[in-house]
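Quick caveat, the model's predicted, so the values are computed rather than measured. The sequence lines fix the lettering, A, B, ..., with proteins before strands; numbering per chain opens at 1.
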Number of protein chains: 2
Amino acid sequence: MSISSRFAVGIHILSLLEINKDQVNTSEWIASSVNTNPVVIRKITGYLKNAGLVHVRPGIAGACLARDIKEISLLDVYKAVNVVQENELFGVHEQPNPACLVGKNIQQAIEPLFASAQLALEKALENVTIADVVSDIIKRDQSGMVENKKPGDL
Amino acid sequence: MSISSRFAVGIHILSLLEINKDQVNTSEWIASSVNTNPVVIRKITGYLKNAGLVHVRPGIAGACLARDIKEISLLDVYKAVNVVQENELFGVHEQPNPACLVGKNIQQAIEPLFASAQLALEKALENVTIADVVSDIIKRDQSGMVENKKPGDL
DNA sequence: TTACATGTAATAATATAAGTTACAGGTTGC
DNA sequence: GCAACCTGTAACTTATATTATTACATGTAA
């Protein structure tokens with residue numbers, strides 16, 4: 001089981017809005033880049049809007065960034081798209097037997113451990129910004145073009 | 001969306017096997033502590049057995065630990081119960097448009113970022129053992145008992 | 001051989017993800 | 001105003017995973 005691809009798509013959308021900032025980025029256009037349905041894009045763009053990451057309005061074509069991409073961390077996106085509820089990355093079994101020493105105390109024992117693991121994950125996401133992703137995309141594309149220009153390479 | 005509670009249940013089972021090591025821990029008995037069906041326990045116990053964490057045999061009642069609990073990290077359990085496939089904690093959208101600069105490079109750009117976040121999570125789980133959980137359970141229970149002995153406390 | 005445990009297949013109920021259709025409501029240009 | 005086009009959203013479908021449950025085959029021991 002994986003964390004919903006809404007997270008990856010959210011990163012995709014924000015990167016696209018930056019790289020394509022001179023164009024009008026409609027949900028249909030974004031969807032053709034992500035390779036999905038425009039409604040899926042509008043839904044995720046709605047999440048990003050609620051988090052204050054993009055500007056988008058009914059009736060007006062196109063979304064655009066609401067913040068400098070250096071100020072948008074992957075954690076911002078992760079939280080925006082609601083792929084994991086607050087402190088619920090790890091599921092726990094409900095109502096273990098309180099008559100058992102283990103059942104009575106297991107939840108309180110593992111809660112802080114799970115929380116700290118989740119925090120470690122979030123810290124890692126906090127250290128990366130959309131600007132990092134965008135510059136990596138551009139870098140990869142340039143090196144890819146160089147490779148293509150050299151016959152025999154691969 | 002949460003990571004399957006199989007992980008939490010796996011920790012519960014191993015802790016119970018330690019605390020209750022003088023008894024015969026049948027799947028039915030464990031199930032009554034976890035508050036679930038014995039078949040669920042047998043399935044998870046099977047995962048733990050495949051990972052070399054417990055001993056359990058067909059026809060013979062009860063499971064027992066195969067390793068010192070100081071040598072069983074939460075990461076061992078996490079991997080044993082197959083809640084997340086290798087390097088697939090984060091889902092990604094399939095087949096983004098290769099004709100688009102972003103679509104063409106987004107996956108390779110985010111893959112290492114996701115991998116490093118996942119690694120941070122796993123490192124956190126690696127630093128905690130079942131021994132830590134067991135001693136915490138015992139500690140919590142003792143302090144709980146003290147509280148119960150003082151009327152008026154709460 | 002009886003009693004009982006584990007292993008496992010099959011099924012059902014529930015939840016979530018992701019795609020799709022349909023349409024309401026907002027905006028712009030003619 | 002109205003036609004064209006966009007976003008927002010509800011409703012539905014399909015697919016997949018989880019958890020619980022029943023049923024039964026297989027293994028062990030008194």
Roughly, in whole Å, what's the span from [atom1] in [X] to [atom2] in [N]?
| X | N | atom1 | atom2 | result |
| --- | --- | --- | --- | --- |
| B/Ile3 | D/dA17 | CD1 | P | 15 Å |
| B/Phe7 | D/dT18 | CZ | C1' | 17 Å |
| A/Asn50 | D/dT7 | CG | C1' | 13 Å |
| B/His93 | C/dG19 | NE2 | P | 10 Å |
| B/Glu88 | D/dT16 | CD | C1' | 14 Å |

Drop me the distance from B/Glu126's CD to B/Leu75's CG, to the nearest 0.5 angstrom.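 Taking CD in B/Glu126 and CG in B/Leu75, the distance rounds to 5.0 Å.
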
Phosphate OP1/OP2 of D/dA17 contacted by B/Ser4 side-chain N/O (<4.0 Å):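 No, B/Ser4 has no side-chain N/O under 4.0 Å of OP1/OP2 on D/dA17.
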
Answer yes or no: is there an ion pair linking B/Asp76 with B/Arg67, defined by an N-O contact shorter than 4.0 Å?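 Yes.
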
Decide whether A/His12 and A/Ser33 meet the rule of one side-chain donor and one side-chain acceptor closer than 3.5 Å.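 Checked: A/His12/A/Ser33 side chains pair up, N/O donor to acceptor below 3.5 Å.
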
Main chain of B/Tyr47, side chain of B/Asn50: is a donor-acceptor contact present, judged purely on distance under 3.5 Å?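 Flag not set: sc B/Asn50 to bb B/Tyr47 has no pair under 3.5 Å.
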
When you measure from the side chain of A/Ser5 to the backbone N and O of A/Ala8, does any donor-acceptor pair fall under 3.5 Å?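 Absent.
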
N/O-N/O pairs, protein side and nucleotides 28-30 of chain C side, under 3.5 Å:
none

Give me the residues of residues 22-48 of chain B where at least one heavy atom lies under 4.0 Å from an atom of DNA chain C, by number, or none.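 Going residue by residue through residues 22-48 of chain B, the ones with a heavy atom under 4.0 Å of DNA chain C turn out to be B/Thr26, B/Ser27, B/Val39, B/Arg42.
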
Describe, in one word, how the ring planes of B/Phe7 and B/Tyr78 are oriented to each other, choosing from parallel (under 30°), tilted (30 to 60°) and perpendicular (over 60°).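 Perpendicular.
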
Minimum-distance pair of heavy atoms, taken over all atoms of A/Ser15 and A/Val133: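 So the two residues come closest at OG-CG1, 3.6 Å.
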
For A/Gly91, answer base if it contacts any base atom (sugar-phosphate contacts may also be present), sugar-phosphate if it contacts only those atoms, and nothing otherwise; contact means non-hydrogen atoms under 4.0 Å.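 It contacts nothing in the nucleic acid.
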
With sequence neighbours left out, what residues match A/Glu122 under salt bridge (Lys or Arg N to Asp or Glu O under 4.0 Å)?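 Result, salt bridge (Lys or Arg N to Asp or Glu O under 4.0 Å) vs A/Glu122: none returned.
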
